[in-house]
Amino acid sequence: KSILMNILLTGHKGFIGSNLLQVLSNDTSIDKIYTIDKKDGQDLLDCKLDHDVDLVIHLAGLSGVRDSLDRPNEYWKNNVMAGLRLFTTFQNKRIIYASSSTAVEPDKNPYALSKKTLEKLAPFNSVGLRFTTVYGPNARESMLIPMICNGAVKYINTNHSRDFIHVQDVCDAIKVVMQKPIKGVIDIGTGKSHKLLDIMGRFNINGFDKKIGGDTERLDNKADISVLRQFEWKPKIDLEDYLMKKLYPLAEMTIGDQR
(Lines give C-alpha, C1' and ligand atoms only; values in the text may rest on other atoms or scores of the structure.)
Protein backbone atom coordinates (compact mmCIF):
# COMPACT_ATOMS: atom_id res chain seq x y z
CA LYS A 1 0.00 0.00 0.00
CA SER A 2 1.40 3.38 -1.01
CA ILE A 3 2.01 6.14 1.53
CA LEU A 4 -0.62 8.88 1.45
CA MET A 5 0.55 12.30 0.30
CA ASN A 6 0.06 15.73 1.84
CA ILE A 7 -0.14 18.53 -0.71
CA LEU A 8 -0.03 22.32 -0.60
CA LEU A 9 -2.07 23.86 -3.45
CA THR A 10 -1.82 27.61 -4.06
CA GLY A 11 -4.38 29.49 -6.14
CA HIS A 12 -7.11 26.92 -5.48
CA LYS A 13 -9.83 29.53 -6.11
CA GLY A 14 -8.46 30.49 -9.52
CA PHE A 15 -9.40 28.98 -12.89
CA ILE A 16 -7.07 25.97 -13.10
CA GLY A 17 -6.73 25.66 -9.32
CA SER A 18 -10.46 25.31 -8.66
CA ASN A 19 -10.73 22.56 -11.27
CA LEU A 20 -7.62 20.79 -9.97
CA LEU A 21 -8.83 20.91 -6.36
CA GLN A 22 -11.96 19.02 -7.41
CA VAL A 23 -9.86 16.34 -9.13
CA LEU A 24 -7.39 15.98 -6.24
CA SER A 25 -10.18 15.84 -3.66
CA ASN A 26 -11.29 12.54 -5.24
CA ASP A 27 -7.75 11.08 -5.28
CA THR A 28 -7.40 8.32 -2.69
CA SER A 29 -3.59 8.57 -2.70
CA ILE A 30 -3.83 12.04 -1.11
CA ASP A 31 -4.34 12.38 2.64
CA LYS A 32 -4.57 16.14 3.10
CA ILE A 33 -4.70 19.16 0.79
CA TYR A 34 -3.65 22.49 2.32
CA THR A 35 -4.70 25.56 0.32
CA ILE A 36 -3.54 29.17 -0.03
CA ASP A 37 -5.39 31.79 -2.04
CA LYS A 38 -5.51 35.59 -2.02
CA LYS A 39 -9.30 35.34 -2.18
CA ASP A 40 -9.11 33.81 1.31
CA GLY A 41 -6.97 36.72 2.48
CA GLN A 42 -3.72 34.72 2.30
CA ASP A 43 -1.00 36.57 0.43
CA LEU A 44 2.02 34.44 -0.52
CA LEU A 45 4.25 37.44 0.13
CA ASP A 46 3.61 37.35 3.88
CA CYS A 47 1.30 34.45 4.87
CA LYS A 48 2.46 31.56 7.05
CA LEU A 49 4.24 28.80 5.15
CA ASP A 50 4.68 26.14 7.84
CA HIS A 51 2.85 23.28 6.12
CA ASP A 52 4.19 19.74 6.48
CA VAL A 53 3.76 18.49 2.91
CA ASP A 54 5.30 16.11 0.39
CA LEU A 55 4.41 18.15 -2.69
CA VAL A 56 3.68 21.79 -3.54
CA ILE A 57 1.49 22.69 -6.53
CA HIS A 58 1.84 26.41 -7.14
CA LEU A 59 -0.88 27.86 -9.37
CA ALA A 60 -1.33 31.24 -7.65
CA GLY A 61 -0.31 34.43 -9.41
CA LEU A 62 -1.45 36.97 -11.97
CA SER A 63 -2.10 35.91 -15.56
CA GLY A 64 -2.85 37.74 -18.80
CA VAL A 65 -0.57 39.50 -21.24
CA ARG A 66 -2.50 42.73 -21.80
CA ASP A 67 -3.11 43.33 -18.11
CA SER A 68 0.61 42.94 -17.41
CA LEU A 69 1.44 45.83 -19.76
CA ASP A 70 -0.54 48.15 -17.47
CA ARG A 71 0.60 46.66 -14.13
CA PRO A 72 4.16 45.33 -14.59
CA ASN A 73 5.18 45.87 -10.95
CA GLU A 74 2.22 43.90 -9.62
CA TYR A 75 3.06 41.00 -11.94
CA TRP A 76 6.65 41.01 -10.72
CA LYS A 77 5.57 41.10 -7.08
CA ASN A 78 2.79 38.48 -7.31
CA ASN A 79 4.53 36.11 -9.71
CA VAL A 80 8.26 36.41 -9.09
CA MET A 81 8.61 37.56 -5.47
CA ALA A 82 5.74 35.39 -4.17
CA GLY A 83 7.02 32.41 -6.16
CA LEU A 84 10.57 32.91 -4.87
CA ARG A 85 9.36 32.91 -1.26
CA LEU A 86 7.51 29.64 -1.87
CA PHE A 87 10.52 28.11 -3.68
CA THR A 88 12.88 29.09 -0.86
CA THR A 89 10.61 27.75 1.89
CA PHE A 90 9.94 24.43 0.17
CA GLN A 91 13.23 24.01 -1.70
CA ASN A 92 13.67 20.47 -0.35
CA LYS A 93 10.21 19.36 -1.49
CA ARG A 94 8.99 18.60 -4.99
CA ILE A 95 7.31 21.65 -6.53
CA ILE A 96 5.05 21.74 -9.58
CA TYR A 97 4.40 25.32 -10.64
CA ALA A 98 2.49 27.22 -13.31
CA SER A 99 4.61 28.80 -15.99
CA SER A 100 3.22 29.88 -19.36
CA SER A 101 3.76 29.34 -23.07
CA THR A 102 4.56 33.08 -23.16
CA ALA A 103 7.85 32.39 -21.31
CA VAL A 104 9.37 31.29 -24.64
CA GLU A 105 9.59 34.99 -25.58
CA PRO A 106 10.13 36.80 -22.27
CA ASP A 107 11.00 40.11 -23.93
CA LYS A 108 7.47 40.58 -25.30
CA ASN A 109 5.58 41.54 -22.11
CA PRO A 110 5.91 41.69 -18.29
CA TYR A 111 3.79 38.53 -17.82
CA ALA A 112 6.13 36.48 -20.01
CA LEU A 113 9.18 37.93 -18.24
CA SER A 114 7.74 37.09 -14.81
CA LYS A 115 7.17 33.46 -15.84
CA LYS A 116 10.61 33.07 -17.45
CA THR A 117 12.22 34.53 -14.31
CA LEU A 118 10.25 32.07 -12.16
CA GLU A 119 11.62 29.19 -14.26
CA LYS A 120 15.18 30.44 -13.65
CA LEU A 121 14.60 30.69 -9.88
CA ALA A 122 12.91 27.30 -9.51
CA PRO A 123 14.68 24.64 -7.39
CA PHE A 124 16.23 21.58 -9.08
CA ASN A 125 13.44 19.26 -7.92
CA SER A 126 10.67 21.18 -9.64
CA VAL A 127 8.56 21.10 -12.80
CA GLY A 128 7.42 24.25 -14.58
CA LEU A 129 4.25 23.82 -16.61
CA ARG A 130 4.09 26.05 -19.66
CA PHE A 131 0.34 26.16 -20.18
CA THR A 132 -0.93 27.20 -23.59
CA THR A 133 -4.43 28.75 -23.88
CA VAL A 134 -6.66 26.99 -21.34
CA TYR A 135 -10.48 27.02 -21.53
CA GLY A 136 -13.41 25.37 -19.74
CA PRO A 137 -15.39 25.80 -16.48
CA ASN A 138 -14.44 28.86 -14.38
CA ALA A 139 -12.39 30.50 -17.16
CA ARG A 140 -12.23 34.30 -17.12
CA GLU A 141 -15.09 35.82 -19.14
CA SER A 142 -12.57 38.01 -20.98
CA MET A 143 -10.85 35.00 -22.59
CA LEU A 144 -11.61 34.15 -26.22
CA ILE A 145 -13.46 30.83 -25.84
CA PRO A 146 -15.92 32.18 -23.20
CA MET A 147 -16.42 35.25 -25.40
CA ILE A 148 -17.22 33.03 -28.40
CA CYS A 149 -19.71 31.04 -26.29
CA ASN A 150 -21.31 34.26 -24.99
CA GLY A 151 -21.43 36.01 -28.39
CA ALA A 152 -19.17 38.74 -27.06
CA VAL A 153 -16.16 38.72 -29.44
CA LYS A 154 -15.20 42.31 -30.21
CA TYR A 155 -12.10 41.71 -32.32
CA ILE A 156 -9.81 38.97 -33.58
CA ASN A 157 -6.07 39.16 -34.22
CA THR A 158 -5.85 37.91 -37.79
CA ASN A 159 -2.19 36.85 -37.48
CA HIS A 160 -2.59 34.80 -34.27
CA SER A 161 -2.86 31.04 -33.82
CA ARG A 162 -3.45 29.42 -30.44
CA ASP A 163 -3.12 25.95 -28.94
CA PHE A 164 -6.35 25.66 -26.93
CA ILE A 165 -6.46 23.03 -24.17
CA HIS A 166 -9.43 22.16 -21.96
CA VAL A 167 -8.84 22.54 -18.22
CA GLN A 168 -9.86 18.89 -17.67
CA ASP A 169 -6.95 17.80 -19.91
CA VAL A 170 -4.68 20.19 -17.98
CA CYS A 171 -5.71 18.53 -14.69
CA ASP A 172 -5.04 15.08 -16.19
CA ALA A 173 -1.60 16.27 -17.30
CA ILE A 174 -0.82 17.62 -13.81
CA LYS A 175 -1.73 14.23 -12.33
CA VAL A 176 0.73 12.56 -14.72
CA VAL A 177 3.44 15.02 -13.67
CA MET A 178 2.67 14.28 -10.01
CA GLN A 179 3.22 10.56 -10.55
CA LYS A 180 6.22 10.57 -12.90
CA PRO A 181 9.89 11.58 -12.44
CA ILE A 182 9.64 14.67 -14.64
CA LYS A 183 11.88 17.69 -13.95
CA GLY A 184 12.62 21.00 -15.62
CA VAL A 185 10.10 22.82 -17.79
CA ILE A 186 7.49 21.18 -20.02
CA ASP A 187 4.69 22.34 -22.31
CA ILE A 188 1.05 21.61 -21.45
CA GLY A 189 -1.14 21.93 -24.54
CA THR A 190 -2.65 19.79 -27.29
CA GLY A 191 0.23 20.06 -29.75
CA LYS A 192 -2.17 21.51 -32.32
CA SER A 193 -2.83 25.19 -32.98
CA HIS A 194 -5.84 26.90 -34.56
CA LYS A 195 -5.79 30.15 -36.52
CA LEU A 196 -8.22 32.40 -34.66
CA LEU A 197 -9.88 33.50 -37.90
CA ASP A 198 -10.42 29.86 -38.92
CA ILE A 199 -12.37 29.19 -35.71
CA MET A 200 -14.65 32.17 -36.40
CA GLY A 201 -15.20 30.97 -39.97
CA ARG A 202 -15.86 27.38 -38.91
CA PHE A 203 -18.75 28.53 -36.70
CA ASN A 204 -19.97 31.36 -38.96
CA ILE A 205 -19.26 34.01 -36.31
CA ASN A 206 -19.35 37.56 -37.66
CA GLY A 207 -19.59 41.13 -36.42
CA PHE A 208 -16.09 41.47 -34.95
CA ASP A 209 -13.24 43.77 -35.91
CA LYS A 210 -10.12 42.34 -37.51
CA LYS A 211 -6.78 43.51 -36.18
CA ILE A 212 -3.16 42.58 -36.69
CA GLY A 213 -1.79 41.59 -33.29
CA GLY A 214 1.05 43.75 -32.01
CA ASP A 215 4.53 42.63 -31.00
CA THR A 216 3.65 42.15 -27.31
CA GLU A 217 2.13 38.71 -27.98
CA ARG A 218 3.33 35.48 -29.57
CA LEU A 219 2.00 34.70 -33.04
CA ASP A 220 1.53 31.02 -32.20
CA ASN A 221 1.86 29.15 -28.90
CA LYS A 222 1.67 25.56 -30.12
CA ALA A 223 2.93 23.14 -27.47
CA ASP A 224 5.52 20.40 -27.79
CA ILE A 225 3.88 17.59 -25.81
CA SER A 226 6.49 14.90 -26.47
CA VAL A 227 7.43 14.58 -22.76
CA LEU A 228 3.84 13.92 -21.67
CA ARG A 229 3.25 11.57 -24.61
CA GLN A 230 6.05 9.33 -23.30
CA PHE A 231 3.79 8.68 -20.32
CA GLU A 232 0.73 7.83 -22.44
CA TRP A 233 -0.97 11.19 -21.82
CA LYS A 234 -2.93 12.81 -24.59
CA PRO A 235 -5.68 15.46 -24.64
CA LYS A 236 -9.20 14.05 -24.74
CA ILE A 237 -11.32 17.15 -25.43
CA ASP A 238 -11.34 18.64 -28.93
CA LEU A 239 -11.91 22.40 -29.22
CA GLU A 240 -14.28 22.19 -32.19
CA ASP A 241 -16.40 19.48 -30.53
CA TYR A 242 -16.56 21.61 -27.38
CA LEU A 243 -17.64 24.73 -29.27
CA MET A 244 -20.17 22.74 -31.32
CA LYS A 245 -21.86 21.51 -28.13
CA LYS A 246 -21.82 25.01 -26.62
CA LEU A 247 -23.03 26.91 -29.69
CA TYR A 248 -25.41 24.37 -31.21
CA PRO A 249 -26.58 22.11 -28.36
CA LEU A 250 -29.76 20.96 -30.16
CA ALA A 251 -28.18 20.52 -33.58
CA GLU A 252 -25.24 18.56 -32.24
CA MET A 253 -26.43 15.19 -33.52
CA THR A 254 -27.20 16.21 -37.09
CA ILE A 255 -24.15 18.46 -37.51
CA GLY A 256 -21.95 15.78 -36.00
CA ASP A 257 -23.28 13.23 -38.49
CA GLN A 258 -22.62 15.46 -41.46
CA ARG A 259 -19.01 16.23 -40.64
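Each residue takes its place number in the sequence, starting with 1.
By the 4.0 Å N-to-carboxylate-O rule, E232 lies too far from K180 to be salt-bridged with it. By the 4.0 Å N-to-carboxylate-O rule, K236 lies close enough to D172 to be salt-bridged with it.
For the pair K32 and Y34, the cation-pi test (distance below 6.0 Å, angle within 45°) is passed. The cationic group of K211 lies under 6.0 Å from the six-membered ring centre of Y155 and within 45° of the ring axis, placing it in a cation-pi geometry.
Hydrophobic clustering places M81 together with L121 (ILVMFWY residues linked when any side-chain heavy atoms are closer than 4.5 Å, directly or through intermediates). Cluster membership for F90 and L59, using ILVMFWY side-chain heavy atoms within less than 4.5 angstrom, is not shared.
Within the 3.5 Å criterion, the main-chain N or O of L44 finds a donor-acceptor partner in the side chain of R85. A distance-only check finds no donor-acceptor pair linking the side chain of K210 to the backbone of N157 [under 3.5 Å]. Looking at N79, its side chain never comes within 3.5 Å of a backbone N or O of G61 through a donor-acceptor pair.
Ring-plane geometry between F87 and Y97 is classed as perpendicular, the angle between the planes exceeding 60 degrees on a 0 to 90 degree scale with a lower cut at 30. Using the six-membered ring where Trp is involved, F203 and Y248 have ring planes that are parallel, under 30° apart on the 30 and 60° scheme.
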Under 3.5 Å donor-acceptor pairs involving side-chain atoms of residues 133-153, not counting sequence neighbours:
unit_1 : atom_1 : unit_2 : atom_2 : d
T133   : OG1    : N221   : ND2    : 3.0
N138   : ND2    : S18    : OG     : 2.8
R140   : NH1    : S63    : OG     : 3.0
E141   : OE1    : N150   : ND2    : 2.8
N150   : ND2    : P146   : O      : 3.0

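Considering R218, K115, K116 as possible partners of E105, the one that fulfils the salt bridge (charged side-chain N to carboxylate O under 4.0 Å, His left out) test is R218.
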Salt bridge (Lys or Arg N to Asp or Glu O under 4.0 Å) evaluation trace for D40 with K13: CA-CA 9 Å; D40 288 338; K13 290 198 164 172; 2.6 Å; yes
Q168 vs I237, side chain to side chain contact (heavy atoms under 4.5 Å, CB included): CA-CA, chis, key distance, verdict: CA-CA 8 Å; Q168 194 178 304; I237 297 172; 3.9 Å; yes
- request: Verify side chain to side chain contact (heavy atoms under 4.5 Å, CB included) between T102 and V104, making sure each step is shown before the conclusion.
  value: CA-CA 5 Å; T102 62; V104 176; over 6 Å; no
message: Applying side chain to side chain contact (heavy atoms under 4.5 Å, CB included) to I36 and C47, what does each step give before you reach the verdict?
response: CA-CA 9 Å; I36 292 177; C47 70; 4.0 Å; yes
Full working for side chain to side chain contact (heavy atoms under 4.5 Å, CB included) between I186 and R130: CA-CA 6 Å; I186 64 167; R130 284 183 173 173; over 6 Å; no
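The environment of Q22 atom CD is sparse: at most 12 non-hydrogen atoms of other residues, nucleotides or ligands sit within 6.0 angstrom. Within a 6.0 Å sphere centred on CG of D215, heavy atoms belonging to other residues, nucleotides or ligands number 12 at most.
One finds the CG atom of L4 at 9.5 Å from the CG atom of D54 (value rounded to the nearest 0.5 Å).
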